[in-house]
Amino acid sequence: MQPRSRSVQARRCAALPRLGRLRAPSPRPVATLPAPMSAISDPSAPLAPRVRFAPSPTGYFHVGGARTALFNWLLARRLGGRFVLRIEDTDRERSDPAWTEGILSALTWLGITWDEGPFFQSERRHLYDAAAKRLFAEGRAYACDCSPEAVRARTEQRATPGYDGFCRDRGLAFERGRALRYRVPDEGMTVVHDLVRGDVEFQNATIEDFVIVKSNGDPLFVLAVVVDDLDMAITHVIRAEEHLPTTPKAVLLWDALADGRPLPAFAHVPVLVNERRQKLSKRRDRVAVEDYRALGYLPEAMVNYLALLGWSPADGREVLSREEMIEEFRLEDVLRSPAFFDERRLLHFNGLYLRGLSQAEFIEHARPFLQGEHVPWAPGRFDASVFAALAPLVQERAGTLGEVPGLVAFLFVEPFEPDADAFAKAISSDVGAGPILQATIAALESVEFSPAALRQAIEEVAERAGRKLGKAQAPIRVATMGRATGLPLFESLEALGRERTLERLKVALGRLGSL
RNA sequence: GGCCCCAUCGUCUAGAGGCCAAGGACACCACCCUCUCAAGGUGGAGACACGGGUUCGAAUCCCGUUGGGGCUGCCA
């Protein structure tokens, strides 16, 4: 199978209106046991894929998981299929409902909605037990009482890694305290037909007799995944590349349990990596979706950026609405190499989306960052109408919503305290600053507090000081706004008002004089 | 170590044997615009990992090398 060649076809079809959508779905790959298409009883099934996103609640939800969820979601939406959410919490030691909450809220925030679920594997135990019992009864799996230590000790003696099949023919009964292992064929190969990578071959001899039920009776994910994918009639398994090595095991189990039902199509998408090109890790890398939300990234920007990691639309556009992504998304166009999660680029997209908001939308989005728990000013100091007046200027400059409070803090933080470094640079160490502050105070006593009038007054101050406006406004800006950069000065002073402006200028001048 | 995957500017990518003296975007640099900072505009620097094949012709196909990554759990 040549995935890339199919995508040529996809693009040509897409060029013809409507035809792209009617294009037949990806060929249904079959593994060791070929299964006929007719095995699907529902004739509409091939056109209505069922995908699943199956995170394990063992840590916060990171952007890599979000990207995988997004690809699943895009495929389901494009082909009119169903997106199933399944929580893989078979590991009772590490799973925590709190993490599940985080996953659900992050997906919701991103607008990745699920059609079915969330299903919890912890509530489906009977299905895995039944499958295990069947595999054991049919001789496809056997009980094993080797301790992990014993297995490891024996493995170290041998050249080949993995379990050595010690219990294969001991005929042990399947009971508590014993694990269940799948009897992998010694010969032959298992082929994974992957929509992203093509055929990947695994020699069965290199696959150990893997555990499918722990000695405490809990199922292992390999078994649970296959049982659920079968039970939920999943047609496309889209997941991260790290799952590729376990896929032949899943294929083997599928063949043993599916009663001829065709294998789902597999698509192993590349992992997201950090700057050292290692797989993004919850422990190493600070990449929780919730963190980006808290920093003031917009979900639309995040989704747009994430979609472009490992995928790009045929026409090369980069700014895509959700609808456009759905329309353009092709699994066959997903790349095979890992992508670096670049916050700089995310920031760029965020700025684009922030500026694309209407003024009202922007104000609405900024509200939680201005009136929430962690604002830099005392509660109650915030004045929504003052902010609204400056909002367009803020919107133009903010890269994230989290930057918004900093841009308007000078209006609401009392007592006001200019940044020490900025004060030192623009006022203390500038011999011309004193006279300018002095002249500005005099000029602003009576001038109308409108941007135009303020500009004219300060231009005159600058001229008398023999400076360009840009140089003259620096000490005024630091004295009144506390920072060397930020919102335009005249609009800011208008919002601040005459009284506070003059007071701050005088305080700055006084501080200069007492140095 | 074993199995598997991957390889185009620093980064994300376009590229499907001739349309490629390799295009776009982010970041970077310069200039323009400009009350600061942004935004915007213009320009610049910057890549086919290496070696063999195949072919009239290779970023593109094949093989090898190198490099990177994933898996190698009674985690998912």
Side-chain angles (χ1 to χ4, degrees), chain A residues 2 4-5 7-8 11 54-58 88-91 93-95 144 146-148 151-152 155 159-162 178-181 192 194 196-197 200-203 206-208 210-222 224-225 239-248 268 270-271 273 275-279 305 308-312 314-319 335-342 344-349 351 355 393 395-399 407 426 451 454-455 458-459 462 468-474 476-478 481 483-490 492:
Chain A
Q2 292 293 322
R4 301 306 287 180
S5 65
S7 90
V8 170
R11 287 182 188 182
S56 62
T58 55
E88 308 222 320
D89 55 353
T90 51
D91 186 344
E93 298 284 304
R94 300 200 310 154
S95 297
C144 169
C146 296
S147 68
V151 172
R152 208 176 309 124
T155 299
T160 48
R178 288 174 183 166
L180 201 62
R181 287 182 182 273
V192 175
D194 193 287
V196 170
R197 283 153 212 286
V200 183
E201 300 176 347
F202 296 86
Q203 293 297 331
T206 66
I207 305 171
E208 65 174 330
F210 53 95
V211 174
I212 56 178
V213 177
K214 303 181 199 178
S215 55
N216 69 3
D218 287 347
L220 243 88
F221 72 98
V222 231
V225 162
R239 54 181 9 171
E241 183 190 350
E242 67 208 66
H243 294 280
L244 189 50
T246 72
T247 305
H268 288 93
V271 293
V273 298
E275 59 289 333
R276 297 175 58 198
R277 302 215 70 87
Q278 295 168 315
K279 182 181 77 166
Y305 173 66
L308 262 23
L309 254 23
W311 174 78
S312 61
D315 62 11
R317 268 177 305 162
E318 298 200 319
V319 178
L335 258 30
R336 296 174 295 276
S337 44
F340 170 60
F341 183 82
D342 186 354
R344 303 301 307 233
R345 198 161 150 82
L346 205 215
L347 187 62
H348 166 73
F349 277 93
R355 276 173 257 123
L393 300 175
Q395 184 173 3
E396 182 86 356
R397 267 152 263 261
L407 286 166
L454 284 162
R455 179 186 184 114
I458 292 173
E459 270 174 346
K468 292 196 168 184
L469 184 54
K471 282 287 181 190
Q473 57 93 50
I476 303 170
R477 170 182 295 278
V478 172
M481 300 174 69
R483 301 177 12 172
T485 62
L487 265 26
L489 181 64
F490 311 120
S492 297

Tell me what [X] touches on the nucleic acid: a base, only sugar-phosphate, or nothing, going by heavy atoms under 4.0 Å.
X	value
A:Ala474	nothing
A:Phe340	sugar-phosphate
A:Thr58	nothing
A:Gly310	sugar-phosphate

Using purine N1 to pyrimidine N3 plus N6-O4 or O6-N4 for Watson-Crick, or N1-O2 and O6-N3 for G-U wobble, each under 3.5 Å, what pairs with [N]?
N	answer
B:A49	B:U65
B:A59	none
B:C37	none
B:C3	B:G70
B:U54	none
B:C28	B:G44

Side chain to side chain, [X] and [Y], heavy atoms closer than 4.5 Å:
X	Y	answer
A:Arg397	A:Pro488	yes
A:Leu489	A:Ile458	yes
A:Glu318	A:Arg345	yes
A:Val211	A:Arg181	yes

If you measure from the [atom1] atom in [N] to the same atom in [M], how many Å do you get, rounded?
N	M	atom1	result
B:G46	B:G24	C1'	14 Å
B:A16	B:A22	C1'	15 Å
B:C19	B:A27	P	31 Å
B:G15	B:C20	C1'	9 Å
B:G40	B:A47	P	26 Å
B:C3	B:C12	C1'	30 Å
B:A25	B:A14	C1'	11 Å
B:A49	B:A7	P	10 Å

If I compare all heavy atoms of [X] with all of [Y], which pair ends up nearest, and what's the gap?
X	Y	answer
A:Leu487	A:Leu393	CD1-O, 4.0 Å
A:Leu335	A:Val196	O-CG1, 3.7 Å
A:Pro451	A:Phe490	O-CB, 3.7 Å
A:Phe340	A:Glu275	CE1-N, 3.1 Å

To the nearest Å, give me how far apart [atom1] ([X]) and [atom2] ([N]) are.
X	N	atom1	atom2	value
A:Leu220	B:C75	CG	P	5 Å
A:Arg336	B:G15	CZ	C1'	12 Å
A:Arg239	B:C5	CZ	C1'	15 Å
A:Arg152	B:G1	CZ	C1'	17 Å
A:Ile212	B:C75	CD1	C1'	17 Å
A:Leu309	B:C12	CG	C1'	7 Å
A:Leu393	B:A39	CG	P	15 Å
A:Asn216	B:C75	CG	C1'	13 Å

Pair A:Arg317 + A:Asp315: basic N to acidic O under 4.0 Å
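Answer for the salt bridge query: yes.
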
Take a 6.0 Å sphere around NZ of A:Lys471 and say whether it holds more than 12 heavy atoms from other residues, nucleotides or ligands.
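Not buried by this count: 12 neighbours or fewer within 6.0 Å.
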
For the side chain of [X] and the backbone of [Y], is there at least one donor-acceptor N/O pair under 3.5 Å apart?
X	Y	answer
A:Tyr305	A:Leu347	no
A:Thr155	A:Gly162	yes
A:Arg239	A:Ala54	no
A:Ser95	A:Asp91	yes

Which nucleotide, B:C75, B:U13, B:C4, lies nearest any side-chain atom of A:Leu335?
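For A:Leu335, the side-chain atoms sit closest to B:U13.
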
Taking only side-chain nitrogens and oxygens of A:Thr90, does any of them come within less than 4.0 Å of OP1 or OP2 of B:A76?
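True: A:Thr90 side-chain N/O within range (under 4.0 Å) of B:A76 OP1/OP2.
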
Please state whether the phosphate of B:A14, meaning OP1 or OP2, lies under 4.0 angstrom from any side-chain nitrogen or oxygen of A:Ser312.
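Yes, because at least one side-chain N or O of A:Ser312 sits under 4.0 Å from OP1 or OP2 of B:A14.
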
Nearest heavy atom decides the nucleotide; on that basis, is A:Gln203 or A:Tyr305 closer to the 5' end of RNA chain B?
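Closest to the 5' end, via its nearest nucleotide, is A:Gln203.
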
For A:Val225 and A:Val200, find the nucleotide of RNA chain B closest to each by heavy atoms; which residue's nucleotide sits nearer the 5' end?
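Mapping each residue to its closest nucleotide by heavy atoms, the 5'-most match is A:Val200.
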
Where along nucleotides 29-38 of chain B does protein come under 4.0 Å, by heavy atom, of base (B) or sugar-phosphate alone (S), with - for untouched nucleotides?
------BBBB

Scoring nucleotides 59-72 of chain B by protein non-hydrogen atoms under 4.0 Å (B base, S sugar-phosphate only, - none) yields ----------SBS-

Anything under 3.5 Å between a protein N or O and an N or O of nucleotides 25-27 of chain B, put it in a table, one pair a line.
| residue | atom | partner | partner atom | Å |
| --- | --- | --- | --- | --- |
| B:A25 | O4' | A:Glu318 | OE1 | 3.2 |
| B:A25 | O2' | A:Glu318 | OE1 | 2.9 |
| B:A25 | O2' | A:Arg345 | NH1 | 3.1 |
| B:A25 | N3 | A:Arg345 | NH1 | 3.2 |
| B:C26 | O4' | A:Arg345 | NH1 | 3.4 |

Partners meeting ring pair (Phe, Tyr, Trp, His ring centres under 6.0 Å) with A:Phe349 (sequence neighbours left out):
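Once residues adjacent in sequence are excluded, A:Phe349 has no partner under the ring pair (Phe, Tyr, Trp, His ring centres under 6.0 Å) criterion.
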
Could I get the full list of side-chain hydrogen bond (donor to acceptor under 3.5 Å, both in side chains) partners for A:Glu459, not counting sequence neighbours?
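Testing A:Glu459 for side-chain hydrogen bond (donor to acceptor under 3.5 Å, both in side chains), a comparison that skips the adjacent residues, returns A:Arg455.
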
Do any N or O atoms of the protein come closer than 3.5 Å to N or O atoms of nucleotides 46-51 of chain B, and which pairs are they?
none

If the test is salt bridge (Lys or Arg N to Asp or Glu O under 4.0 Å), which one of A:Lys279, A:Arg197, A:Arg336 qualifies with A:Glu241?
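Testing each of A:Lys279, A:Arg197, A:Arg336 against A:Glu241, the sole residue satisfying salt bridge (Lys or Arg N to Asp or Glu O under 4.0 Å) is A:Arg197.
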
